[in-house]
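Within every chain, numbering begins at 1; the chains are lettered A, B, ... in the order of the sequence lines, protein sequences first and strands thereafter. In this text, all values refer to a predicted model and were calculated from it rather than measured experimentally.
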Amino acid sequence: MQQTVIKKVKNTAFYMGMTPGEAVALQRDMGAAVVTDSVFGSINHVAGIDISFRAGTANAAVVVLTFPGMKVVETASARKKVTFPYIPGLLAFREAPVALEAFARLSTIPDLLVVDGHGLAHPRRFGLACHLGVELDIPSIGCAKSRLIGQWREPARRKGSSTRLIAGEEVIGRVVRTRDDVKPVFISAGHKVSLKDAVRLVLRMATKYRLPEPIRHAHIAAGHFW
DNA sequence: GCGACAG
DNA sequence: ATCTTGTCGC
């Protein structure tokens, strides 16, 4: 698998001077620092983050909302040229740089990050949600629209229904129905948040649409800042 | 060697 | 992610 990844971009760009092979090594190191069993109490602000691309340039948007009210209180954005290609498993090396720049412009530090991508449900258990959570040292949750790895069964049709996302012998996430009769989302722990809490929080933030409010707003903002 | 493959 | 029109359903 690694062979495929490296081979696919051996003549392409880098991330902070890193080769894809070094990126994989870094993920393994950072992954060892992930804390997934922490319990956190009061959450007042949550941030959603998303990025849109156009001809080699990325636009990142971070939107902070109140919790559980889900009212937008602040939006920050950043633009940056991207050279690292999209490689399944190495998404963070393409999206994290711009995302972190946008985040640095925020005046309100959120208590939780909801990321458009996977957390522990990743080949090396270190998806974009883990990457951002560790870099910012803020609890984070991975909420992806489709599967990267793992086996799963279709959850029941009603909102709140969910099934396990399994890789080998371990449960790496849950496939959750956020609304009646809509495609489920893939939830996994990112940083300092348990899978159980992640699912509970996402269901609480998915008020009217398939995607939880933070991600939905960030997605709109990212594509609107051009 | 042949598929699978977050956004 | 992005390229792109109409169309099915509530």
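- Rounded to an integer number of Å, the gap from A:R179 CZ to C:dG9 C1' is 16 Å.
- Distance, A:L132 CG to B:dG7 P: 14 Å, rounded to whole Å.
- Between C:dA1 and A:R54, no contact under 4.0 Å exists linking OP1 or OP2 to a side-chain N or O.
- When the P atom of C:dT2 is taken as reference, atom CG of A:L91 falls 13 Å away, rounded to whole Å.
- Relative to the side chain of A:F53, the nucleotides C:dT2, B:dA6, B:dC5 differ in distance, and C:dT2 lies closest.
- Distance CZ (A:F186) to P (B:dA6): 10 Å, rounded to an integer number of Å.
- Between A:R177 and A:E154, at least one side-chain nitrogen of the basic residue sits less than 4.0 Å from a carboxylate oxygen of the acidic one, meeting the salt-bridge criterion.
- With salt bridges taken as basic N to acidic carboxylate O contacts below 4.0 Å, one links A:R157 and A:D181.
- The nearest whole Å value for the distance from the NE2 atom in A:H122 to the C1' atom in B:dA4 is 14 Å.
- Protein atom CG of A:N59 is 13 Å distant from nucleotide atom C1' of C:dA1, rounded to whole Å.
- Stacking annotation: A:Y86 is stacked on the base of B:dG7 (ring centroids less than 5.5 angstrom apart, interplanar angle below 30 degrees).
- Ring geometry for A:F93 versus A:F84: interplanar angle of 30 to 60°, hence tilted.
- Spacing between atom CZ of A:F126 and atom P of B:dA6 amounts to 19 Å, rounded to whole angstrom units.
- OP1 and OP2 of B:dA6 both lie 4.0 Å or more from every side-chain N or O belonging to A:K145.
- Within 4.0 Å (heavy atoms only), A:G142 reaches no atom of the nucleic acid at all.
- When rounded to the nearest whole Å, the span between CG of A:L128 and C1' of B:dG7 equals 9 Å.
- For A:S52, the listed nucleotide lying nearest its side chain is C:dT2; candidates were C:dT2, B:dC5, B:dG7.
- Heavy atoms of other residues, nucleotides or ligands lying less than 6.0 angstrom from NE2 of A:H217 number more than 12.
- In this structure, CZ on A:R125 lies 4.0 Å from CD on A:E170, to the nearest 0.5 angstrom.
- In this model, the phosphate group of B:dG7 is approached by a side-chain N or O of A:S146 to a distance below 4.0 Å at OP1 or OP2.
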